[in-house]
Amino acid sequence: MEHRLSGAGERAGFVVELEGFSGPLELLLELARAQKVDLAAISILALADQYLAYLRRARELQLGLAAEYLVIAAWLLYLKSQLLLPPEKREAPDADQMARDLAERLRLLDAVRRGAKWLAERPRLGVARFPRGMPEERPLRRDGGAAATLAQLLRARARLGGCRGGELVRMPRPRLMTVEAALERLSRLLAGREWRELSALLPPDYMELLPRRSALASSFVASLELARRGEVELHQERPFAPLLIRRR
Amino acid sequence: MTAPDPLSIVEALLFAAAEPLTEAAVQEVLGERGDAGTLLRELQRQYAGRGVRLECCGGRWAFRTAAELAPFLARIDRRARRLSAAALETLAIIAYRQPVTRGEIEALRGVAVGRGTLDLLVETGLVAPRGRKEVPGRPVMWVTTPRFLDHFGLASLEDLPRLEELEGASLFNPADDR
Amino acid sequence: MTAPDPLSIVEALLFAAAEPLTEAAVQEVLGERGDAGTLLRELQRQYAGRGVRLECCGGRWAFRTAAELAPFLARIDRRARRLSAAALETLAIIAYRQPVTRGEIEALRGVAVGRGTLDLLVETGLVAPRGRKEVPGRPVMWVTTPRFLDHFGLASLEDLPRLEELEGASLFNPADDR
């Protein structure tokens, strides 16, 4: 919906849209512009008349008017009445000053609005200028050191208690096969020079998935170690074929 | 590995970053390898006239595409939100009169500043509160941020045309607007 | 305004793109202004040896910072890190029994030493690998660093009190911690 109002009669020539105004001062500024004179030389009396006429027209057209338009209207009416009186009869002796202040405010608003327009025409980031589309995360390197105190370190040592005198405490043997164990086992099981599959040499009690994998991996490493020492030979027909082992 | 060219380090650092970096931040990465100020200006010189420029906004450095190439970058996602006339006007008032309270902005615009307008400006990172005015009610004062400069491609607030200039030229020249 | 350099268009386009671009996509933006393939390769040549490279991966082009510069671009986190009980125990074992393998640490603590625990100690600069144990698998051996002594204000490893001495002081009653 668009409301277009033509300025009535003798001052015609301006066409304004009520919806285009964000407030009474902007409307006043627009009306002042229509006087086509420097804002310093603006006629507040003429401006007040135009403003009031404009509001009357808006009312006739039943346009909603915000309260602030009416507040300014009342104030302008009062200012006008004061300006029409000779200075010695005014209740507001500073009426001329009030008129100058209004003109000053309109000038400042006008300048700021031009500033806004100037900003809007700048090559804005994300509109005319673009940042890197794929910014890269810089790697993080920690260089903060530790916050531990000597007391904490010593407490930790004390907690470990048991291993006094430089003697290792043996924990229950894990169900995972170490390379050492595999090495010992392979050395023991391999006899004679016939080829045997490495997988056949895994311990039978290691049937669960994880222990079996650990037994296979450790036995494989152990077989490589034995081959390196020159104690065994390894043979594999092709990739993924059974790995064969025999004593050298 | 040979020691990397310090200019390459500055180039890579700024290319990787999404946000502008201060000279001090660049110097920290460089360490003893070179002088950030000298290298930044050298890099800016090398990129002058290319499709990407090294810009310095409010003492922060960032690579940005050249403004005149905008028509070719239409397919790039335009993340910047359109600012309403009211938001732009509020922003201009803050830019020119900072630090300024909401009440002062309203007095100048002659209309209440909608909560949403300031919120939007804060959300887009263009303005920020700074301090309170020592008057009854101690209202928050608003200022523009470094991002404001980056957003509008201004080297500093000094780049804003002076209000008197804006006011002076053919203020009510009937030909000049609307 | 003079017509923009097509090379600048390609440069700006790749810089601002949110994802790597195919040659066809670049050509579409260029239109009749140039051959995307030729321009991409020319741009790649210009950036070779700089801090940023134009890379083509799976037929898509993108700028990337030079991989070899990564160590120089690292953000440095200088916050001191709190050591967990597990890390402290591991550190104590390394301090008292060095050089020691991970397997030996595990045997002493009776639980597996998480990869992160040793990594953390290495990151904080308190421990370092030194040599390998001549047993099958040749595991790495761990020792404390000079920084370890510095950090805990020790003149030498000899200064570390023995366990019996620790037990004398109620401060180090194992029950009072954790």
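The chains referred to below are lettered A, B, ... by the order of the sequence lines, with proteins before strands, and numbering in each begins at 1.
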### Task
Carefully, step by step, assess Q236(A) and L198(A) under the rule side-chain contact (heavy atoms from CB on, under 4.5 Å).
CA-CA 11 Å; Q236(A) 190 176 29; L198(A) 185 64; over 6 Å; no
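- Taking A95(B), A12(B), A107(B), A66(B) one by one and counting their heavy-atom pairs under 4.5 Å with chain A, the maximum is reached by A107(B).
- The candidate with the highest count of non-hydrogen atom pairs below 4.5 Å against chain B, out of R105(A), R129(A), E137(A), is R129(A).
- The nearest pair of heavy atoms linking V140(B) to P129(B) is CG1-CB, 3.4 Å.
- Of all the heavy atoms in S219(A) and M177(A), the pair that sits closest is OG-SD, 4.1 Å.
- Classification of R100(A) and E104(A) as a salt-bridged pair fails, no side-chain N sitting under 4.0 Å from a carboxylate O.
- When the candidates V52(B), T65(B), T90(B), L108(B) are compared by the number of heavy-atom contacts under 4.5 Å with chain A, T65(B) comes out ahead.
- Only the side chain of Y96(B) comes within contact range of chain A, with at least one heavy atom under 4.5 Å from a heavy atom of that chain.
- Contact of R97(B) with chain A is made through the side chain alone, with heavy-atom distances under 4.5 Å.
- No option in Q98(B), H151(B), R130(B) other than Q98(B) meets the side-chain contact (heavy atoms from CB on, under 4.5 Å) test with T144(B).
- For A87(B), no part lies near chain A; criterion is any non-hydrogen pair under 4.5 Å.
- Both the backbone and the side chain of L160(B) come within less than 4.5 Å of a heavy atom of chain A.
- Judged by distance alone, with hydrogens and angles left aside, the side-chain atoms of R113(A) form no donor-acceptor pair with the main-chain N or O of E89(B) at under 3.5 Å.
- Of the two parts of F72(B), neither the backbone nor the side chain holds a non-hydrogen atom closer than 4.5 Å to a non-hydrogen atom of chain A.
- Comparing A62(B), P20(B), G153(B), A85(B) by how many heavy-atom pairs each has under 4.5 Å with chain A, the most go to G153(B).
- Proximity to chain A is limited to the side chain of E55(B), based on heavy atoms less than 4.5 angstrom apart.
- Between Y47(B) and F15(B), the angle of the ring planes lies from 30° to 60°, which puts this pair in the tilted group.
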